Amino acid sequence: VAEAVTDCAAGRDITVVDVGCGTTTIAPYFNRLARFVGVDIDPDVVRVLKEQGVEICETRDMPALKLEGEGMNAVVALYMLQFKIDDHFFNDVAKLMKDDDLMFANLYRIPDERKQDLKTQAEKAGLCIEEVPDTLLSPGRQVFWAVSKKPDAAAQLARRVEKGLGGLHKTP
C-alpha cells in the first residue's frame with residue numbers, strides 16, 4: 001500500500017491520514033511522506049499514539065482535520081470498514097480530498113449488500129472507486145478499493161496495487 005501510494009504521488013510530498021489506525025501505525029512504511037495523521041475512535045489508542053509522538057485525532061474530529069499544502073493526501077482505511085461507520089464517513093473523506101488525492105481501503109469480510117451500500121455512499125459523496133480483487137492474501141474474504149475524486153487517479157492506484165499484489169507469492 002505504501003509503495004503504491006508513494007509511486008502515485010510521483011515525488012510530491014504526501015500527507016497520509018490513517019483512519020482507524022489502531023496502535024500498530026503504518027507510518028514507518030511511508031518513508032518519503034511529509035506528514036502522517038492517525039485517526040481513531042478509541043481514546044486509549046489516541047493516548048498511546050500521542051505518547052509515541054504520532055499526530056493523531058479522534059474520529060469525531062475528522063471533519064475538522066485541515067490538510068494544507070501542495071502535496072498529495074492519501075487516506076488509508078485498513079480493516080475498519082467492516083465496523084459500524086458513520087453514514088457521513090465518505091462525505092467527510094471527500095471534503096478532505098483534493099481532486100488528485102487518493103484513498104485506499106480493504107473491505108474485509110463484508111457482505112456484498114453492505115459493500116454495495118458503502119459504494120453507494122462513496123459515489124454519492126463524489127468519489128470514484130476501482131475495485132481490486134484479492135487473489136493472494138485473503139481470497140474470497142476481502143477486496144481492495146482504490147478511491148479518488150478523479151476516475152483516472154483511482155485507476156492509477158488500482159493498477160499499482162495490482163502490480164504490487166502480483167509480486168507477492170504464497171510460500172508452500
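Bear in mind the structure is a predicted one, so any value in this text is a computation, not a measurement.
No donor-acceptor pair closer than 3.5 Å links the side chain of Lys149 to the backbone N or O of Cys128.
Using a 4.5 Å heavy-atom cutoff, the side chains of Thr6 and Ile14 are in contact. Looking only at side-chain heavy atoms (C-beta outward), Leu78 and Ile26 come within less than 4.5 Å of each other. At least one side-chain heavy atom of Val39 sits under 4.5 Å from a side-chain heavy atom of Val17. Taking 4.5 Å as the limit, some side-chain heavy atom of Leu81 sits within range of a side-chain heavy atom of Ile110.
Counting only residues at least two apart or in different chains, ring-ring contact (aromatic ring centres under 6.0 Å, His included) contacts with residues 101-143 comprise Tyr79-Tyr108, Phe104-Phe144. Residue pairs satisfying the ring-ring contact (aromatic ring centres under 6.0 Å, His included) criterion with at least one member in residues 1-28, sequence neighbours excluded, are absent. Applying the salt bridge (Lys or Arg N to Asp or Glu O under 4.0 Å) test to every pair with at least one member in residues 130-142, sequence neighbours left out, gives no pairs at all. Applying the ring-ring contact (aromatic ring centres under 6.0 Å, His included) test to every pair with at least one member in residues 35-54, sequence neighbours left out, gives no pairs at all.
Scanning for salt bridge (Lys or Arg N to Asp or Glu O under 4.0 Å) contacts around Asp87 gives Lys84, with sequence neighbours left out. Under the rule for a side chain to side chain contact (heavy atoms under 4.5 Å, CB included), the partners of Asp100 that lie at least two apart in sequence or sit in another chain are Arg12, Lys150. Under the rule for a side chain to side chain donor-acceptor pair (under 3.5 Å), the partners of Asn73 that lie at least two apart in sequence or sit in another chain are Asp101. Checked against salt bridge (Lys or Arg N to Asp or Glu O under 4.0 Å), Arg35 has the following partners two or more places apart in sequence or in another chain: Glu55. By the side chain to side chain contact (heavy atoms under 4.5 Å, CB included) test, Gln156 is found to be paired with Cys8, Arg159, residues two or more places apart in sequence or in another chain being considered. Lys50 pairs by the salt bridge (Lys or Arg N to Asp or Glu O under 4.0 Å) definition with nothing, not counting sequence neighbours.
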Fill in: side chain to side chain contact (heavy atoms under 4.5 Å, CB included) between Leu107 and Trp145, worked out
CA-CA 8 Å; Leu107 286 80; Trp145 279 2; 3.4 Å; yes
Worksheet entry | Pair Leu157-Val5, side chain to side chain contact (heavy atoms under 4.5 Å, CB included): steps then yes or no | CA-CA 7 Å; Leu157 178 59; Val5 169; 4.2 Å; yes
Worksheet item: Lys95 and Phe90: side chain to side chain contact (heavy atoms under 4.5 Å, CB included), yes or no, with the steps?
Response: CA-CA 9 Å; Lys95 288 175 187 172; Phe90 286 106; over 6 Å; no
Item to complete: Evaluate the criterion side chain to side chain contact (heavy atoms under 4.5 Å, CB included) for residue pair Val16 and Val76; output intermediate values, then yes/no.
Response: CA-CA 7 Å; Val16 176; Val76 179; 4.0 Å; yes
Return a table of donor-acceptor pairs under 3.5 angstrom between the side chains of residues 40-48 and protein atoms on other chains or two or more places apart.
{"residue": "Asp40", "atom": "OD1", "partner": "Asp42", "partner atom": "N", "Å": "2.9"}
{"residue": "Asp40", "atom": "OD2", "partner": "Cys21", "partner atom": "N", "Å": "3.4"}
{"residue": "Asp40", "atom": "OD2", "partner": "Gly22", "partner atom": "N", "Å": "2.8"}
{"residue": "Asp42", "atom": "OD1", "partner": "Asp44", "partner atom": "N", "Å": "2.8"}
{"residue": "Arg47", "atom": "NH1", "partner": "Glu51", "partner atom": "OE2", "Å": "3.4"}

Please set out all donor-acceptor pairs under 3.5 angstrom arising from side-chain atoms of residues 119-127, sequence neighbours excluded.
{"residue": "Thr120", "atom": "OG1", "partner": "Gln116", "partner atom": "O", "Å": "2.9"}
{"residue": "Thr120", "atom": "OG1", "partner": "Gln116", "partner atom": "NE2", "Å": "3.3"}
{"residue": "Gln121", "atom": "NE2", "partner": "Asp117", "partner atom": "OD2", "Å": "3.2"}

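Closest heavy-atom contact between Phe89 and Met80: CE1-CE, 4.2 Å. Shown here for Met97 and Val147, the closest heavy-atom pair between the two residues is CE-O, 4.0 Å.
One finds the CD atom of Gln82 at 11.5 Å from the NZ atom of Lys115 (value rounded to the nearest 0.5 Å). Taken from OG in Ser148 to CD1 in Ile129, the straight-line distance is 11.0 Å, to the nearest 0.5 Å.
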